[in-house]
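Report on one structure; see the data block that follows.
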Amino acid sequence: MKLTHAPLRLSIGAFFLNSGLSKRSLEGQAAEAMHGMAVGAVPQLRQLDPARFAKLLSRSEIALGAALLTPFAPSFLVGLGLAAFGAGLMQLYLKTPGLREPRSLKPTQAGIPIAKDVWLVGAGLTLVLDSLTHRRLRS
């Protein structure tokens with residue numbers, strides 16, 4: 001890990017780790033609500049029951065957070081993971097009714113908490129692109 005990646009990886013990694021740990025015990029209505037929103041964006045997730053979905057989401061956030069916090073995990077790979085996770089949230093934002101103003105990308109008040117996650121895509125792509133650029137310069 002490059003020293004310049006450390007602030008980005010530490011801050012986002014800690015956030016993801018905390019988020020994943022807080023979802024470990026999601027059950028009942030909370031798991032159903034989260035699952036229902038995800039199914040609206042990715043209908044294939046309907047195959048998972050809500051409790052299983054919540055556990056998988058929790059574990060994926062914990063894994064991504066831990067990878068970001070691990071100095072020897074390649075920035076290229078954790079950047080890909082972060083960009084993919086952020087892209088999933090952007091899909092949720094774009095496909096969930098009521099999160100955007102009609103015929104616009106501008107978020108409604110309800111959409112702001114998810115629309116702001118576009119930074120995850122940007123941060124992930126920054127890690128990926130910087131890793132690719134760094135490799136070319138060394139060659």
* **Value rounded to 0.5 Å, distance of CD1 in I112 from CG in D117** => 12.5 Å
* Asked: Does the side chain of R100 reach to within under 4.5 Å of the side chain of K106, using non-hydrogen atoms?
  -> no
* **Heavy-atom closest contact (I12 atom, L82 atom, distance)** => CG2-CD1, 3.9 Å
* More than 12 non-hydrogen atoms from neighbouring residues, nucleotides or ligands closer than 6.0 Å to NZ on K2, yes or no? -> yes
* Non-hydrogen atoms of A115 and P107 that approach each other most closely -> CB-CB, 3.9 Å
* Asked: Any side-chain heavy atom of R9 within less than 4.5 Å of one from S75?
  -> yes
* Asked: Donor-acceptor pair, H5 side chain versus D130 backbone, under 3.5 Å?
  -> no
* Asked: Linking I/L/V/M/F/W/Y whenever any side-chain heavy atoms sit under 4.5 Å apart, do L26 and L56 land together?
  -> yes
* Indicate the atoms forming the closest heavy-atom contact of G86 with L120, along with that distance. => CA-CB, 3.9 Å
* Exam field: side chain H35 to backbone A30, donor-acceptor pair closer than 3.5 Å -> no
* Asked: Is there a donor-acceptor contact under 3.5 Å from the side chain of Y93 to the main chain of P113?
  -> no
* Between R24 and S58, is there a donor-acceptor pair closer than 3.5 Å when you use the side chain of the first and the backbone of the second? -> no
* Asked: If you round to the nearest 0.5 Å, how far is CG of L8 from CE of M1?
  -> 10.0 Å
* Asked: Just by modelled atom types, is the L127 backbone N or O under 3.5 Å from a matching donor or acceptor in the S131 side chain?
  -> yes
* Has the side chain of T108 got a donor or acceptor atom that lies under 3.5 Å from a matching backbone atom of G111? -> yes
* To do: State plainly whether one hydrophobic cluster holds both F16 and F76, where clusters connect Ile, Leu, Val, Met, Phe, Trp and Tyr through side-chain heavy atoms under 4.5 angstrom apart.
  => no
* Asked: Side chain of Q91, backbone of A41: donor and acceptor closer than 3.5 Å?
  -> yes
* Spatial distance of atom CG (N18) from atom NZ (K23) [nearest 0.5 Å] -> 9.0 Å
* **Heavy-atom side-chain contact between F85 and L57 under 4.5 Å** => yes
* Can you tell if the side chain of L99 reaches within under 4.5 Å of the side chain of M37, non-hydrogen atoms only? -> yes
* Asked: Roughly how far, to the nearest 0.5 Å, is CZ of R52 from CG of L45?
  -> 12.0 Å
* Could you give me the CA-CA distance, side-chain angles and deciding distance for L64 and L17, then say whether side chain to side chain contact (heavy atoms under 4.5 Å, CB included) is met? => CA-CA 7 Å; L64 184 54; L17 190 57; over 6 Å; no
* Within one Ile-Leu-Val-Met-Phe-Trp-Tyr cluster: I114 and W119, side-chain cutoff 4.5 Å -> yes
* Are side-chain heavy atoms of R59 and I62 found at a separation under 4.5 Å? -> no
* Structure fact -> Closest non-hydrogen atoms of V78 and A73, given as atom of the first, atom of the second and distance, are CG1-CB, 4.0 Å
* Is L10 reachable from L68 through a run of hydrophobic residues whose side-chain heavy atoms are each under 4.5 Å from the next? -> no
* Asked: Which atoms form the tightest heavy-atom contact between V121 and M90, and what is the distance?
  -> CG2-CG, 4.1 Å
